[in-house]
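Labels below follow one simple rule: chain letters A, B, ... track the order of the sequence lines, proteins then strands, and each chain is numbered from 1.
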There are 2 protein chains.
Amino acid sequence: MGELARATGVTVRALHHYDQLGLVSPGERTASGHRRYTAADVRRLYRVRGLRQLGLSLPEIAVVLDHGGADPAALRQLLDAQLRQVRVQIERANRLEIHLTELVAQLDAEDVPRPDQFLTTLETMSMYERYFSQDQRDRLAERRAALGTEAVDAARAEMSTLIEEAIRHQRAGTPVDDPAVRDLVGRWTGLGALLGTDGAREQASAGRLWDDHREEISRRMPWPAEDFLAAVEYLRAARGAGRAV
Amino acid sequence: MGELARATGVTVRALHHYDQLGLVSPGERTASGHRRYTAADVRRLYRVRGLRQLGLSLPEIAVVLDHGGADPAALRQLLDAQLRQVRVQIERANRLEIHLTELVAQLDAEDVPRPDQFLTTLETMSMYERYFSQDQRDRLAERRAALGTEAVDAARAEMSTLIEEAIRHQRAGTPVDDPAVRDLVGRWTGLGALLGTDGAREQASAGRLWDDHREEISRRMPWPAEDFLAAVEYLRAARGAGRAV
DNA sequence: GCTTGATCCTGACGTAGCGGCAGGTCATAG
DNA sequence: CTATGACCTGCCGCTACGTCAGGATCAAGC
């Protein structure tokens with residue numbers, strides 16, 4: 001038994017497991033109950049090993065070995081499904097790799113490592129991922145990549161000044177249909193168009209995100225939370241007023 | 001609570017689980033025992049979500065959240081380890097994808113689909129993978145790819161005629177130091193050199209494989225098993241004799 | 001105040017593929 | 001006859017929850 005285990009690279013415990021499932025059972029037993037594997041059993045065991053390396057589950061393997069010989073189409077279908085699954089897995093793993101690489105780079109780029117800020121970034125990203133689909137996130141990332149780091153940083157800076165102006169106007173009580181505010185809204189939507197958040201679906205997602213989490217988001221901004229919140233509401237109202245006209 | 005669950009995309013059951021592990025526990029409870037999550041708890045929950053998406057385990061996340069804030073180096077190390085693990089996973093998945101693709105192609109290429117032969121191929125491959133390391137297999141696959149399909153098929157054909165000649169000589173009792181047999185051995189080692197199996201480690205691996213499984217291998221060949229076995233032993237003896245001289 | 005439907009609670013079992021251990025039996029060499 | 005492997009049959013453990021079961025609580029309408 002240990003002999004078979006060594007020859008096949010399967011542990012004795014796994015052999016017991018396969019026996020229990022009826023996947024590979026010894027053809028006979030000695031009087032004392034010890035398992036005796038026949039040559040056919042050994043072949044079957046090798047097949048199990050081969051199919052396991054394809055990532056199939058033990059029940060799937062059982063089906064292939066017991067009925068697969070008669071049904072090539074089913075076998076092909078199973079392999080196809082497995083292949084699709086592996087490709088999905090590869091895609092996910094690649095995305096994760098990119099994500100991790102970026103995070104490590106960000107961590108290294110910080111002059112004074114602030115793990116807390118890192119965690120806050122993660123927090124925000126995980127919120128953001130709840131509201132934008134994989135597709136949308138892919139497109140947005142592509143867009144940013146196409147623009148390049150400089151352009152994205154510039155857009156970010158523009159967004160900052162824009163927010164600050166909005167805060168001032170909101171505090172001053174400038175009416176939302178004032179030309180200056182109209183101009184602000186124009187620059188705001190322009191930034192959205194640049195970054196690719198101007199689609200109907202992206203707007204809807206961002207709207208839901210804001211509706212559900214306006215306080216949390218505002219609290220994480222480099223401005224006083226209530227100022228930021230009020231400014232964004234002000235801009236949205238102004239955009240709404242602009243549309244209504 | 002269901003509210004929190006909906007807002008964060010975490011199930012109620014997961015919240016219970018996190019509470020049980022002490023990963024995210026509600027700051028307080030109502031008199032009746034219902035969980036009340038504070039704003040700090042919610043932030044912590046978002047961080048857990050973010051770290052989970054990096055593929056970290058719950059115990060790892062607990063460490064990061066409880067002590068990671070004070071130790072940026074440990075955090076970096078953890079992310080590095082995770083990144084390495086993901087890369088290994090990507091490599092494995094890619095190899096599996098190639099393997100599956102080849103198998104599906106092979107299945108499709110058969111004029112008469114013979115699932116049984118397919119399983120036998122798998123069997124053989126799983127045996128072969130036990131004796132050649134990942135490194136060796138990669139190098140051999142690279143070598144075959146560099147040679148191209150035609151050259152590999154030609155080598156295979158040459159190997160077939162070589163085996164048949166060896167069978168004839170062995171049956172005829174030609175001595176192993178006969179010039180004709182010397183020539184056979186020369187062509188044999190030449191094929192090995194072509195396919196990249198001429199390294200010391202590859203020879204050793206192949207030797208162990210043959211020693212452990214000569215009967216099984218022989219039985220799978222398109223010649224009578226005992227003829228094939230005898231022919232290979234004959235060639236090995238001839239090679240040994242040639243070396244001794 | 002009472003009912004009702006939604007929400008919440010605490011256990012407890014199930015998952016995939018074995019790993020590992022405990023306590024006992026069998027086989028073989030000395 | 002015994003010492004030492006190799007083998008046997010249970011049974012618990014692992015991840016990160018899903019999925020009941022059975023009961024308590026809550027908010028709202030009557």
Under a 4.0 Å heavy-atom cut-off, which of residues 82-97 of chain A touch DNA chain C?
none

Any T11(A) side-chain N or O less than 4.0 Å from OP1/OP2 of dG19(C)
yes

Phosphate-side-chain proximity, Y18(B) and dA16(D), N/O vs OP1/OP2 below 4.0 Å
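False: Y18(B) side-chain N/O out of range (4.0 Å or more) of dA16(D) OP1/OP2.
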
Starting at atom [atom1] of [X], determine the distance to atom [atom2] of [N], rounded to an integer number of angstrom.
| X | N | atom1 | atom2 | answer |
| --- | --- | --- | --- | --- |
| L56(B) | dT15(D) | CG | P | 15 Å |
| L23(B) | dC17(D) | CG | P | 10 Å |
| Q20(B) | dC13(C) | CD | P | 14 Å |
| Q53(A) | dG17(C) | CD | P | 15 Å |
| H17(A) | dC18(C) | NE2 | C1' | 6 Å |
| L15(B) | dC8(C) | CG | P | 10 Å |

Could I get the full list of salt bridge (Lys or Arg N to Asp or Glu O under 4.0 Å) partners for [X], not counting sequence neighbours?
| X | answer |
| --- | --- |
| R144(B) | none |
| R143(B) | none |
| R236(B) | D211(B) |
| E233(B) | R214(B) |

In terms of side-chain geometry, is the basic nitrogen of E202(A) or R139(A) positioned less than 4.0 Å from the acidic oxygen of its partner?
yes

Check E91(B) with R87(B), please: is the shortest side-chain N to carboxylate O separation under 4.0 Å?
no

Heavy-atom closest pair, residues A7(B) and Y131(A)
O-OH, 4.2 Å

Residue closer to the 5' end of DNA chain C, T30(A) versus L58(A) (nearest nucleotide):
L58(A)

Using a heavy-atom cut-off of 4.0 Å across all strands, would you classify L21(B) as base, sugar-phosphate, or nothing?
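L21(B): no heavy atom of the nucleic acid under 4.0 Å.
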
Classify the nucleic acid contact of S57(B) as base, sugar-phosphate or nothing, counting any heavy atom under 4.0 Å across all strands shown.
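If one applies the 4.0 Å heavy-atom cut-off, S57(B) turns out to touch the sugar-phosphate alone, with no base involved.
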
Distance alone, cut at 3.5 Å: any donor-acceptor contact between the side chains of S57(A) and R52(A)?
no

Do any pairs count as a salt bridge (charged side-chain N to carboxylate O under 4.0 Å, His left out) and have a residue in residues 8-19 of chain B, sequence neighbours left out, and if so which ones?
D19(B)-R29(B), D19(B)-R35(B)

Going by ring pair (Phe, Tyr, Trp, His ring centres under 6.0 Å), name the pairs with one or both residues in residues 3-35 of chain A, residues two or more places apart or in two chains.
none

Which pairs pass ring pair (Phe, Tyr, Trp, His ring centres under 6.0 Å) with one or both residues in residues 90-129 of chain A, sequence neighbours excluded?
Y128(A)-F132(A)

When rounded to the nearest 0.5 angstrom, what distance separates CG in L140(B) from CG in L195(B)?
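Reported value, rounded in 0.5 Å steps: 8.5 Å.
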
Using five pairs at either end of the helix from dG1(C)-dC30(D) to dG30(C)-dC1(D), determine the angle between the two local helix axes and round it to 10 degrees.
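Rounded value for the end-axis angle: 30°.
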
Every protein N/O lying under 3.5 Å from an N/O of nucleotides 2-8 of chain D:
residue : atom : partner : partner atom : Å
dC7(D)  : OP1  : M1(A)   : N            : 2.9
dC7(D)  : OP1  : G2(A)   : N            : 2.9
dC7(D)  : OP2  : G2(A)   : N            : 3.2
dC8(D)  : OP1  : R35(A)  : N            : 2.9
dC8(D)  : OP1  : R35(A)  : NH1          : 3.0
dC8(D)  : OP2  : H16(A)  : NE2          : 2.9
dC8(D)  : OP2  : R35(A)  : NH1          : 3.4
dC8(D)  : O5'  : R35(A)  : NH1          : 3.3

Listed by chain and number, what are the ring-ring contact (aromatic ring centres under 6.0 Å, His included) partners of W223(A), not counting sequence neighbours?
F228(A)

I'd like to check L45(B) versus L15(B) (side-chain heavy atoms, cut-off strictly below 4.5 Å). Are they in contact?
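A side-chain contact under 4.5 Å exists here.
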
Between the protein and nucleotides 19-22 of chain D, are there any N/O to N/O pairs under 3.5 Å, and if so, what are the atom names and distances?
residue : atom : partner : partner atom : Å
dT19(D) : O4   : R13(B)  : NE           : 2.8

